[in-house]
Amino acid sequence: MADIDMVEDRSNTANGSDSSEYVEFWIDLFLGRKGHEYFCDVDTDYIVDRFNLINLQKSVNKFTQVIQYIVDELDDTALEQLSSGRMQQLEHDACKLYGMIHARYVITIKGLQKMLQKYKEADFGRCPRVYCNFQPLLPVGLHDAPGMDCVKLYCPCCEDLYVPKSTRHSAIDGAYFGTSFAGMFLQAFPEMIPKHPVQRYVPKIFGFDLHKQAQVARWQELQRLKLEKRLKAKGVEGGFKQSNT
Amino acid sequence: MTEYIGETSRTGSSEESGTYDEWIPSFCHRFGHEYFCQVPTEFIEDDFNMTGLAQEVPHYRKALDLVLDLEAMSDEEAQDSEEPVSRSIIEHAAEQLYGLVHARYILTKPGLQAMAEKFDHKEFGICPRYYCASMQMLPCGLTDTLGKTTVRLYCPSCGDLYLPQSSRHLCLEGAFWGTSFPGVFLKHFKELEDYVDRKTKDTYQLKVFGFKISDEAPSGSRMRWLRQYPKTEEELSEFEKCEFAIPQVQ
C-alpha cells in the first residue's frame, strides 16, 4: 500500500518530536497527513470500548498494543524498546485498525454528525458530472473486508459511483468507510438529499440529435416518467428537479 | 488572398532566420492546451474554411497573420497600420481564431484522425465514473459561439458529460471543440460504438448492511433510469416505440 512511505515520514517526525516535550496525539497526526482528508476524528472513548472492537482482534498482531498506540497510552520507554521494523509494523497496523474502527464509527450517530460536517464542506470532493452542479460526494466502500478494493465516491444527486480525482485518495481502502455508510447517511439526514436533475446530454451533429443515442435517451426518460407515476400513486415525493428543456 | 500571403511570406522569410517558433505548434504545446490538435496551415490558408470567421474574431487579418507566422514583426509595419493594436490583444484574437478553425478542422477526416490519436492516448482524460472503467472521453462544447461555456468531456460509454479533472482545462473555451465533435467522432469511428455496446452496464445500488433501500424511502433509488438499457423482451418492444417520440405513460 501507499502507506509505506508515509510510515517512514511518520517515524521521522516521531523521532523528532521525542526530543521536544511537545507531544501530538497519534490520531491528530494521522488525520493531518496528506491524503487522509476523508477520515473523521474517532473519539478515544469509542476506540477503547471493547464492545466496539468485536471481531477486529484477528485483523492485526498484538492487538492491545496497537490500540494503546492509537490512543497514545503506550509509554515512551516501551516505544523506545521497539525495533524500527516493529515500529513500522505497528504504525501500519495502527493505520489499518483505525480505518476499520472508523468504518464502524461513521455509522454511529456521533460519527454521522462528524461526517455531515465534512460533507457540507465538500471534503470528499464534488461530482464531476456536469448536470449534478458540483454536488458534494460521499465516500463508500464496495467491500467490508480490507484489502479488496479502494474507496469510491457516491453522488446523492445522480446516484452513481465515481473514482476519487486524486491518486492519494483513490489508494485508500474502501473498507475504512464501509459499504453501508452512504445509505446510512442519507437515511439519517434525508434533508441532505439533493433534487435529482432530469436534464441530460444527447450528442448532436449540427444541432440534430444522433438517432440511436436519442432513442435510448427517450426510452430512459420513459422509465423515469413511469417511476414518477408509480411514486405519485404511492404518495411519495419524486424529488426531481424539473428543467425547461 | 493568396497573393497577399505570397507577398508577406516572402518578406517574413527575409527578415527572420530559421530559428523561430511557429505559432501553431507552440500554441498546442503550451501547458493546459493538451486538448488541441495541430491544424495544418493549408487548412487555414484556404479561404473557404474561414468563411464567417472574420465577423466573429476582432482584428481578423492580424490574428490570421500571427497564426500563420506571416506577420512582419518590424517597427515599420506597426507604423504602417492605421491604428496600432497591442500585441496581447492580437495574441488573444489569434487564439480565438485558431480555436474556431480548430472546431471546424476536427470535423474533417484528417482532423478526426488526429483527434483519434489523442483519444487513444487518453489525452482528454478518462471517465471518472467507476463502472465506465477508465473509458476515454471526448472534448465537447455546449455552444458554438465564443464566451458562453467552457469545455466539457463526453464519455461514449455512459453518454454523460463531465467537467475536466484538472483546473487547467476548466477554463478552456467550449466553442473551440464545438457541439458536433463527439457526434461526428462516434459516427466516423463505428467500432467505438460497438465497443461501448459490449461494455458492462453495471450500476450501483445503495445498500445498508446488505439490504437495498426501498424506492419509497426519500433516499430510495430515483436515478436508475439514467443508466438503464432495454434488456427484456418487453423493454425492447417499448424501446421500439421510442423511435421518434416518448409514448404516453400508461
Side-chain angles (χ1 to χ4, degrees), chain A residues 107 127-131 134 140 142 152-154 156-165 179-180 182-187 190 193 196 200-213 215-231 234 236-240, chain B residues 107 126-131 134 140 142 152-154 156 158-165 179-187 193 203-211 213 215-230 235 238-239 241-247 249-250:
Chain A
I107 50 178
C127 186
R129 187 171 174 265
V130 169
Y131 299 116
F134 303 106
V140 284
L142 293 178
K152 304 286 174 276
L153 298 169
Y154 177 78
C157 200
C158 58
E159 298 178 352
D160 218 327
L161 220 50
Y162 296 95
V163 178
K165 210 162 140 171
T179 53
S180 306
M184 202 68 175
F185 182 90
L186 295 174
Q187 291 280 51
I193 301 169
H196 306 288
R200 55 162 324 148
Y201 179 74
V202 175
K204 288 179 171 66
I205 297 182
F206 306 124
F208 298 101
D209 287 357
L210 289 194
H211 185 67
K212 193 176 148 199
Q213 279 80 356
Q215 189 175 357
V216 172
R218 275 193 289 272
W219 181 79
Q220 289 171 340
E221 175 66 10
L222 178 69
Q223 304 308 307
R224 189 189 71 79
L225 291 170
K226 280 161 79 177
L227 170 74
E228 202 166 32
K229 198 175 174 187
R230 250 191 337 263
L231 291 172
K234 287 175 184 160
V236 183
E237 181 64 43
F240 291 110
Chain B
L107 303 181
I126 52 171
C127 184
R129 186 170 168 266
Y130 173 65
Y131 290 108
S134 314
C140 130
L142 293 181
R152 301 283 185 268
L153 296 168
Y154 173 77
C158 57
D160 224 321
L161 282 188
Y162 297 97
L163 291 162
Q165 293 216 332
T179 53
S180 305
F181 174 64
V184 173
F185 193 91
L186 283 177
K187 286 292 143 199
E193 267 188 348
T203 51
Y204 182 67
Q205 167 79 52
L206 206 57
K207 282 181 183 161
V208 176
F209 304 122
F211 296 102
I213 295 175
D215 276 358
E216 289 163 48
S219 56
S221 161
R222 296 283 187 275
M223 296 296 280
R224 203 177 308 143
W225 54 274
L226 187 64
R227 309 288 180 223
Q228 208 176 356
Y229 295 90
E235 283 171 342
E238 203 177 51
F239 178 67
K241 286 179 203 145
C242 291
E243 189 164 6
F244 299 110
I246 302 170
V249 185
Q250 284 98 37

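Throughout, a chain's letter reflects where its sequence line sits, starting with A, and its residues are numbered from 1.
- Looking at A:L153, neither its backbone nor its side chain comes within 4.5 Å of chain B, counting heavy atoms on both sides.
- Counting heavy-atom pairs closer than 4.5 Å to chain B, the top residue among A:R230, A:Q213, A:E221 is A:Q213.
- Of the N and O atoms on the side chains of B:E238 and A:Q223, at least one donor lies less than 3.5 Å from an acceptor on the other residue.
- For a residue to count as touching a neighbouring chain, one of its non-hydrogen atoms must lie under 4.5 Å from one of that chain's; by this rule A:L227 touches chain B with the side chain only.
- Of all the listed residues (B:S221, B:A217, B:P182), the one sharing the greatest number of non-hydrogen pairs under 4.5 Å with chain A is B:S221.
- Of the candidates B:R222, B:R227, B:R224, B:R227 is the only one forming a salt bridge (charged side-chain N to carboxylate O under 4.0 Å, His left out) with A:D160.
- Within the 4.5 angstrom heavy-atom criterion, no atom of A:V202 approaches chain B.
- What you find for B:F239 and A:Q215 is that their closest heavy atoms are O-NE2, 2.9 Å.
- Residues A:Y201 and B:T179 approach most closely at OH-O, 4.0 Å, considering heavy atoms.
- With a 4.5 angstrom heavy-atom cutoff, A:K226 touches chain B via backbone and side-chain atoms both.
- For a residue to count as touching a neighbouring chain, one of its non-hydrogen atoms must lie under 4.5 Å from one of that chain's; by this rule A:F185 does not touch chain B.
- Most heavy-atom pairs under 4.5 Å with chain B: of the set A:V236, A:V163, A:L161, A:L210, this distinction falls to A:L161.
- Heavy-atom distances place both the backbone and the side chain of A:K165 under 4.5 Å from chain B.
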